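Following: one structure in structure tokens, then a few remarks.
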Amino acid sequence: MSEQRDYKDTVFLPKTDFPMKAGLPQKEPGILARWEEADLYARIREARKGREQFILHDGPPYANGDMHIGHALNHILKDMVCRTQTLLGKDAPYVPGWDCHGLPIEWKVEEQYRKKKKNKDEVPAKEFRAECRAYAQHWVDTQREQLKRLGVCGNWDKPYLTMDFEAEATIVAELLKFAESGQLYRGAKPVMWSPVEKTALAEAEVEYEDIVSTQIDVAFEITDSPIESLIGAYAVIWTTTPWTIPVNQALAYGPDVKYHHYRAHDGRRFLIAVDLLEAFFARTGLGPVAEDPEGDITLSEYSLGTYHGEELAGTVARHPMHALGGFFADPRPFLPGDFVTTDSGTGLVHMAPDHGEDDFDLCKAHGIGPKFVVEADGRYREDWLWLPRTDERSMSVIHPKFNAPEGPVCQDLHETGALLAASADYKHSYPHSWRSKAKVIFRCTPQWFVPMDKVIDRDTPRCAAEAEIRAAQGDGETLRQTAMRALSATRFVPEKGRNRIGSMVEGRPDWVLSRQRAWGVPITLFVDRKTGEYLCDPEVNTRIVTAIHHGGVDAWDEENAQALLGNAYDAEDYERVTDILDVWFDSGSTHAFVLESGRWPELTRPADYAGPPADLYLEGSDQHRGWFQSSLLESCGTRGRAPYKAVLTHGFTMDSKGMKMSKSLGNTVSPLDVMRDYGADIIRLWALSVDYTEDHRIGPEILKGVADQYRKLRNTFRYMLGALSDFNDAERLPVTEMPELERYMLVLVGQLDATLRQAVDAFDFNAYVRALSDFCNEDLSAFYFDIRKDCLYCDAPHDPRRRSYRAVLDTLFHALVRYAAPVVVYTAEEVWSTRYPAGDSVHLLEWPDLPSAEADMDKWTQLRSLREKVNEAIEPLRREKTVRSGLEAQVTVPAAAVPAGTANAALTELFITSTVTCSDEGEMRVEPTTHHKCGRCWRHLPDVKEDGTLCGRCEDALATVEDAG
RNA sequence: GGGCCGGUAGCUCAGGUGGUUAGAGCGUACGCCUGAUAAGCGUAAGGUCGGAGGUUCGAGUCCUCCUCGGCCCA
């Protein structure tokens, strides 16, 4: 065998500096720095100025702690939305924001105090708030850097903070709109209250612990009933909080519970739920017979009647302490309560609206209000009829002695004969204060509310603002009705969100606005000490807003009261409300502050624009109860419509087994770690690959899969970059002069384009990423690139086939880099700058304009399926090493399987074999080639004289190259 | 405990109005190539569609119950 010439240096191999290995964690920060230096966000705004707007309004995350996986997912989705809209040519700005007020921050600052042995109560409020402000600012700055690192493109230099003075002023102004239109009232509501700390507690400040309580059974004598036989019988209630009996105001029954009226062995008649009789007998010994050792009593002998709960409506009892007169002598009505069960107790529940949520709601619905007789320290009011304050009895209601079977309540009940049983042996879990570890009670305190079902009164308008709001809201519509109407005009992605928020709005109680806290926006109301009405004077309100605007929330203090009230009022006559606003009101007002203030020109709508200022709100599904709803109610109450046109919700990120992440389980995945180990583009690709509409998972295996997917995408770009090295626009050919394969590929990329556009419209990003990825894998790498490898490497540079291929590659490159840019933002930039080192950012580009092309798609579908069959047929020969690659195979296919008019040469090219011939046989045949192998292109062709010499095509190609050289 | 949502190959996902042997990509295994080379190509294996009942000639798709998980509320 003669020495063969090595033709390697005559083959046009891909040439690129673009590395196969990404090294994203090292590379990304540099790319980010370049964007910042070039002020890319501002340049994109400039480039899209005047275009159709797409306003995504950022829901403010809480400024507390590092970015976690939920933040990452949420912001990647937001970034994807803005970037795809921008790519489509719209002006889609992104102004990030933070929620800065509220309890968790207060806590952290208090915690720091405790470490320094400082007492919060000794620190002036202004100083305390200043520390809260500083604490929030610290986390805003931290999260801002972390989110930037994720590749999120936005106005990071000017985010919105709910603690900005302007924001605080806007929030107050929004509150005053509610006030001026009569949509505020002062009511009461049971809240968790710590008698030790003398303060209301939030749910998060409470922990549950197992304790042993006194359980008592108390008889309430029935004084009237539609069921006459019940009169004179005793309704029995069971409770573990004896201290609430002196404020009992009603009894609740379960409408679907069955009750028994029977005569006990002592002659008294009792009313009890059927299912709970046995337990009741065990506690009280009040069975129909004194002793029942055999347990074989038949109640029917002693039964005086069985009643369905509903039949008890209209029944009235009297309080065991009715002899005290006054409050205690009033009748105690039976009320229907859905919450009444037969899990424990007697099936009848005593109602003290002062001290229970169910109690409060049920009583309120029947016109019975709380009495406010337990004071902040947990003691009964001195003048309360029941209990003269003797030393012995004057103690906090949480005191064990107070509730003991020997305690004052049980004693008194016992004396009246109403106490059927009392024992200090009931184990259950009960809320305690996080800080003092002391027991907590429910206690009614005055709170400010926004009514859900009040029609703004037409006859007595308070202020000019009211007229405006009336006009915006439907005529005679309640806030709930306005909100429901607004929801029906909103697009939900996914659609099921509508149902979720809808049922919440439908069933929610009035909005409690007030919190007894320090770090927040004040409820800036002056209440007339005589009438209890809040002052509603637009001039005063204007002064208040202006003061907050200049001085922040600190401006609402006692010293300023007279100045704010002005000359028309005397501060002495008014109580300055010191509650602060629920932080949900803060965030519910961000649309006003961020979208309508003009402070962010990129968010400002044209003067003639009407309708919701935001195109989209995009948050986790927990925000159905949170921000989506608070924004809806705030906007409906002040503008009569939702602040958004569409709402997109995403699920939560679970660990690799689908379990919720928690620090204690040690299964958390930090986006900061993922960025450090894999890079931001990997976590972005992950977020955009999963089905965000549901809960989804992340874990090592999943990330490995995402990294693999990334590598394929990256290599696709690397190949294109290499194949397009030295590409010259002059190489291009008109589409109509291109080979069919090229035209087919152009149609395919056109289909991909349509799929991607549709995915963008539907915010269906996993479909977007999958379509892109599948196209790279199936249509490019395994099909087009593989087939055209020979053409790229070996055709002469001027060959129309090669020119066509490179032209299509160039089209593909420009399309794909744009499609990929919103997803892998860093890599797309790296790809783009590798090809155009002096060029501008890839993120300034617009959606690709594809050349129109036509191809016989049915024919190509047939050819590709035939190609699969050929591969299957070659496989056995490869297995037995008869041939090693397809290039050594000679294939005979049934002519019937080949689309009409397809040349054998075309099939050979397509199947990457030595030759393909058609025959009339029904079976496909594969055999090893008899042709020699070209030394340059390695194909086995008839015109190669011996192995290692050249085929005609390569000879010509070499000749032209040498001529040119 | 209540409301709402979900459970399709190892992983990520497709599977209008119920209709032939449940699909894709990745990963895996095996093989090829060594001129995209920590790359590329090919073939193959993998699922009792969370479980149990039911409706139907026929159910991943409809109904009921159970189970596991999630969000919100209590």
Side-chain angles (χ1 to χ4, degrees), chain A residues 6-16 18-21 203 338-339 341 343 357-358 494 496-497 499-504 506-508 620-626 629 649-661 685-686 688-691 693-712 714-723 764 766-767 769-778 781-783 785-787 789-790 792-794 867-868 870-881 883-889 912 936-938:
Chain A
D6 182 7
Y7 289 98
K8 182 163 179 171
D9 54 354
T10 73
V11 173
F12 309 113
L13 297 176
K15 213 163 60 188
T16 178
F18 188 80
M20 189 139 61
K21 190 170 173 352
E203 180 61 41
D338 293 332
F339 51 86
T341 66
D343 294 341
E357 264 190 306
D358 287 337
K496 65 191 173 195
N499 179 27
R500 180 123 181 233
I501 191 170
S503 60
M504 285 178 182
E506 216 161 27
R508 68 157 296 149
S621 60
D622 56 336
Q623 298 305 326
H624 284 112
R625 179 159 292 278
Q629 198 179 149
T649 51
H650 56 79
F652 280 70
T653 304
M654 303 296 133
D655 75 359
S656 52
K657 293 186 187 110
M659 304 293 272
K660 167 193 186 144
M661 290 185 190
L685 194 55
W686 163 79
L688 298 169
S689 302
V690 299
D691 179 4
T693 65
E694 300 291 346
D695 290 347
H696 45 267
R697 305 171 181 202
I698 193 168
E701 190 190 359
I702 293 166
L703 284 168
K704 190 180 160 289
V706 173
D708 284 332
Q709 192 189 2
Y710 171 83
R711 229 171 278 130
K712 186 76 187 192
R714 184 177 178 88
N715 275 313
T716 302
F717 279 113
R718 185 175 123 91
Y719 173 78
M720 285 192 285
L721 286 167
D764 188 355
N766 86 54
V769 168
R770 189 153 24 86
L772 185 60
S773 205
D774 286 357
F775 183 77
C776 289
N777 287 319
E778 288 302 288
S781 191
F783 181 72
F785 293 173
D786 204 32
I787 291 165
K789 198 189 274 191
D790 170 72
L792 178 74
Y793 291 179
C794 299
R867 186 173 190 262
E868 278 179 36
V870 169
N871 274 328
E872 278 171 43
I874 295 173
E875 189 60 19
L877 281 78
R878 300 172 87 162
R879 292 271 161 202
E880 62 191 32
K881 316 279 186 196
V883 301
R884 285 175 302 175
S885 77
L887 284 173
E888 293 177 9
I912 322 181
R936 181 162 174 270
C937 69
W938 296 349

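In what follows, every chain begins at residue 1, and chains take the letters A, B, ... in the order their sequences are listed. Only a predicted model underlies this, so the values are computations on that prediction, with no experimental measurement involved.
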Margin query: For B/C32 and A/K881 - does any side-chain N or O of the residue sit under 4.0 Å from the phosphate oxygens OP1/OP2?
Written below: yes
Next item on the list: Figure out the CD/C1' separation between A/E880 and B/G42, and round it to whole Å.
Entry: 15 Å
Check: What does nucleotides 45-51 of chain B look like as a protein-contact string, B for base, S for sugar-phosphate only, - for none, at under 4.0 angstrom between heavy atoms?
Finding: -------
Notebook entry, point to check: To the nearest 0.5 Å, how far apart are NZ in A/K704 and CG in A/D708?
Noted result: 5.0 Å
Check: Which of these nucleotides, B/G42, B/C33, B/C72, is closest to any side-chain atom of A/R884?
Finding: B/C33
Notebook entry, point to check: Are any of A/K21's side-chain N or O atoms less than 4.0 Å away from OP1 or OP2 of B/A38?
Noted result: no
Check: For A/T653 and A/R697, does a side-chain donor sit closer than 3.5 Å to a side-chain acceptor?
Finding: no
Notebook entry, point to check: A/I874 has an atom CD1; how far is it from atom P of B/C41, in whole Å?
Noted result: 16 Å
Margin query: Counting the benzene-type ring for Trp, do A/F717 and A/F18 have ring centres under 6.0 Å apart?
Written below: no
Margin query: In this structure, how many angstroms lie between the C1' atom of B/G31 and the CG atom of A/L887, rounded?
Written below: 16 Å
Item checked: Nearest-angstrom distance from the residue atom CG of A/N777 to P of B/C26 -> 5 Å
Check: Between B/C71, B/C41, B/A74, which nucleotide has the shortest distance from any of its atoms to the side chain of A/E357?
Finding: B/A74
Next item on the list: Consider the side chain of A/N715, meaning its heavy atoms from C-beta on, and name the nucleotide among B/C41, B/C72, B/A36 that approaches it most closely.
Entry: B/A36
Check: Does A/K712 have a side-chain nitrogen or oxygen under 4.0 Å from the phosphate oxygens OP1 or OP2 of B/G25?
Finding: no
Notebook entry, point to check: Checking all strands, does A/Y719 fall into the base, sugar-phosphate, or nothing category for heavy-atom contacts under 4.0 angstrom?
Noted result: base
Notebook entry, point to check: A/S621 side chain N/O closer than 4.0 Å to the phosphate oxygens (OP1, OP2) of B/G70?
Noted result: no
Check: Nearest-Å distance, CD (A/E506) to C1' (B/C72)?
Finding: 16 Å
Check: If you check the A/M659 side chain, which of B/C26, B/G42, B/G69 turns out closest?
Finding: B/G69
Check: When you check every protein heavy atom under 4.0 Å of nucleotides 3-13 of chain B, what one-letter string (B, S, -) results, 5' to 3'?
Finding: -SSS---SSSS
Margin query: What is the separation between atom CZ on A/F783 and atom C1' on B/G25, rounded to the nearest whole Å?
Written below: 18 Å
Next item on the list: Could you check how far CG of A/D695 sits from C1' of B/G70, rounded to whole Å?
Entry: 4 Å
Next item on the list: Whole angstrom is fine here: how far is it from NZ in A/K704 over to C1' in B/A38?
Entry: 13 Å
Margin query: Applying salt bridge (Lys or Arg N to Asp or Glu O under 4.0 Å) as the test, list every pair that has at least one member in residues 652-661 of chain A; sequence neighbours left out.
Written below: none
Check: Taking the side chain of A/S781 as its heavy atoms from C-beta onward, which of B/G40, B/G42, B/C71 lies nearest to it?
Finding: B/G40
Notebook entry, point to check: Any idea which heavy atoms bring A/Y793 and A/R936 closest together, and the distance?
Noted result: O-NH2, 3.9 Å
Note to self: Which nucleotide wins on minimum distance to the side chain of A/R879, given the candidates B/C41, B/G31, B/G25?
What the structure shows: B/G31
Next item on the list: Check the chi torsion on B/G46 and let me know: syn if it falls within 90° of 0, anti if not.
Entry: syn
Next item on the list: Apply salt bridge (charged side-chain N to carboxylate O under 4.0 Å, His left out) to A/E694 and A/K496, showing your working.
Entry: CA-CA 11 Å; A/E694 300 291 346; A/K496 65 191 173 195; 2.5 Å; yes
Margin query: Measuring from the side chain of A/M20 (C-beta onward, heavy atoms only), which nucleotide among B/C41, B/U43, B/A38 has the closest atom?
Written below: B/A38
Item checked: B/G51 and B/G7, which share atom name P, separated by this distance in whole Å -> 12 Å
Item checked: Side-chain N,O (A/Y710) to OP1/OP2 (B/C26) below 4.0 Å -> no
Note to self: Main chain of A/V883, side chain of A/E888: is a donor-acceptor contact present, judged purely on distance under 3.5 Å?
What the structure shows: no
Check: Judged by modelled atom types alone, do A/N766 and A/R770 share a side-chain donor-acceptor pair under 3.5 Å?
Finding: yes
